[in-house]
Every structure is written in C-alpha cells, then in structure tokens.
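Presented below is the structure to which this report refers.
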Amino acid sequence: MTERFHIIDGETLMNQPLSPIRFVVEGLLSHGLHLLAGAPKSGKSWLALWLSVTVAKGEEVWGGKVQQGTTLYLCFEDSRLRIQNRLFDITGDVPPNVHFCEESVRLGEGLESASGSLSLSIPIRCSSSSIPCR
C-alpha cells in the first residue's frame, strides 16, 4: 500500500491555529525523538549521554532552562560496561528517570515492533502539569 503525501494549501496553513514548540532545553532541544549525526569520534555518544542525564536531572544545559523529564538513550553501538564507565566519568549521581537500551535489531528484522514497545516499558513521569502524560 502506497501512502500519499498530506498536502495543505497556504491559505489553510495560515489560518490554522498551531501550538508553539515545546522545548526540553530552552531554545535548543524540543520534545520528541532526536538523532545526532556527525563525523566518527566527534563526541556524539558523549553528548547524547550527557544530555540524557542532564535533562533527567533537570539541570541547565549551556545556560538554557531545562524541563526535567524521563529520558531514553538508545545506545546501540555501546555495551553496558562502556555506558557505565562513561557515566562514572560524567556524573556521580544518575537519576532513576534516565533509561538506556543497548540492544539492537535491524529494520525488517524486528526493530519496528521492538521500538513500539519501548514507550510501554518505561514509566512516564512528568514534572509539569502542562504536559500531557500517557
């Protein structure tokens, strides 16, 4: 089955009330799924790990306010030992609302069904009443 693009004309778009972007890190990182891309050995994994822990703690990121919440770091290229060692390097206090998954399967070999169950296996706790929680 082929999906069609959802097309909207300019007049409809301009007259449609839209909600503002909700940021986890003020002006930098919005709610949702994010991918980091860059050259090998440029620090992507370290940055993702640090952001996951910092957002879970609710600490400022580069001077920006953070909305504390539950984080999930999909670290498919790392082992638990490597993640643990890196955590020891960046912090002495890892909160219970930061989660890690180092298991990986490929597209077409179960990733679709496995990723659908991620949100069901992590208890979602919100620290702000303005955010709808599941």
Side-chain angles (χ1 to χ4, degrees):
M1 176 170 74
T2 303
E3 295 275 331
R4 293 181 179 241
F5 288 113
H6 298 279
I7 299 172
I8 186 170
D9 65 82
E11 181 180 6
T12 303
L13 177 61
M14 294 304 290
N15 291 312
Q16 186 175 31
L18 300 171
S19 300
I21 296 172
R22 297 180 336 182
F23 285 95
V24 175
V25 179
E26 184 179 46
L28 178 68
L29 193 65
S30 62
H31 284 253
L33 175 68
H34 297 278
L35 301 175
L36 287 175
K41 302 296 180 191
S42 60
K44 299 178 299 290
S45 296
W46 283 97
L47 177 60
L49 180 63
W50 176 76
L51 280 171
S52 295
V53 172
T54 304
V55 168
K57 288 181 174 183
E59 298 175 348
E60 283 191 355
V61 171
W62 300 316
K65 294 179 183 176
V66 170
Q67 180 184 0
Q68 184 179 16
T70 299
T71 61
L72 172 62
Y73 176 32
L74 302 175
C75 35
F76 295 151
E77 296 179 354
D78 294 327
S79 66
R80 286 190 183 183
L81 177 62
R82 187 174 194 186
I83 299 162
Q84 184 186 55
N85 287 336
R86 287 182 172 191
L87 284 169
F88 283 132
D89 284 342
I90 65 171
T91 185
D93 178 32
V94 180
N97 58 328
V98 60
H99 302 271
F100 306 93
C101 180
E102 84 286 354
E103 298 174 72
S104 176
V105 290
R106 294 176 183 222
L107 281 172
E109 296 176 6
L111 178 62
E112 299 86 352
S113 60
S115 61
S117 67
L118 284 173
S119 63
L120 300 176
S121 65
I122 299 171
I124 303 298
R125 294 179 293 285
C126 295
S127 59
S128 171
S129 59
S130 63
I131 298 175
C133 296
R134 292 182 268 145

Heavy-atom donor-acceptor pair, [X] side chain to [Y] backbone, under 3.5 Å:
{"X": "Gln68", "Y": "Ala56", "value": "yes"}
{"X": "Ser52", "Y": "Ala48", "value": "yes"}
{"X": "Ser79", "Y": "Arg82", "value": "yes"}

For the residue pair [X] and [Y], what are the closest heavy atoms and their distance?
{"X": "Glu60", "Y": "Thr54", "answer": "O-CG2, 3.7 Å"}
{"X": "Gln16", "Y": "Ile8", "answer": "OE1-CD1, 3.6 Å"}
{"X": "Gly69", "Y": "Asn97", "answer": "O-ND2, 3.0 Å"}

Open item on the list: Nearest 0.5 angstrom please: Gln84 CD to Asp89 CG, how far?
Closed with: 11.0 Å
Task: CD on Glu59 to OG1 on Thr91, rounded to 0.5 Å - done: 7.0 Å
Does some side-chain heavy atom of [Y] sit less than 4.5 Å from a side-chain heavy atom of [X]?
{"X": "Asp78", "Y": "Arg86", "result": "yes"}
{"X": "Val66", "Y": "Lys57", "result": "no"}
{"X": "Tyr73", "Y": "Val53", "result": "no"}

- [ ] For a side-chain contact (heavy atoms from CB on, under 4.5 Å) with Phe100, tell me which candidate from Thr71, Leu49, Leu74 qualifies.
- [x] Leu49
Task: Other ILVMFWY residues reachable from Phe23 by side-chain steps of under 4.5 Å - done: Ile21
- [ ] Go through the structure and list residues passing side chain to side chain contact (heavy atoms under 4.5 Å, CB included) with Glu11, not counting sequence neighbours.
- [x] Asp9, Asn15
Open item on the list: Parallel, tilted or perpendicular, judged at 30° and 60°: which one describes the rings of Trp62 and Trp50?
Closed with: tilted
TODO: Name all residues meeting the salt bridge (charged side-chain N to carboxylate O under 4.0 Å, His left out) criterion together with Glu102; count only those two or more places apart in sequence or in a different chain, and write none if there are none.
DONE: Arg80
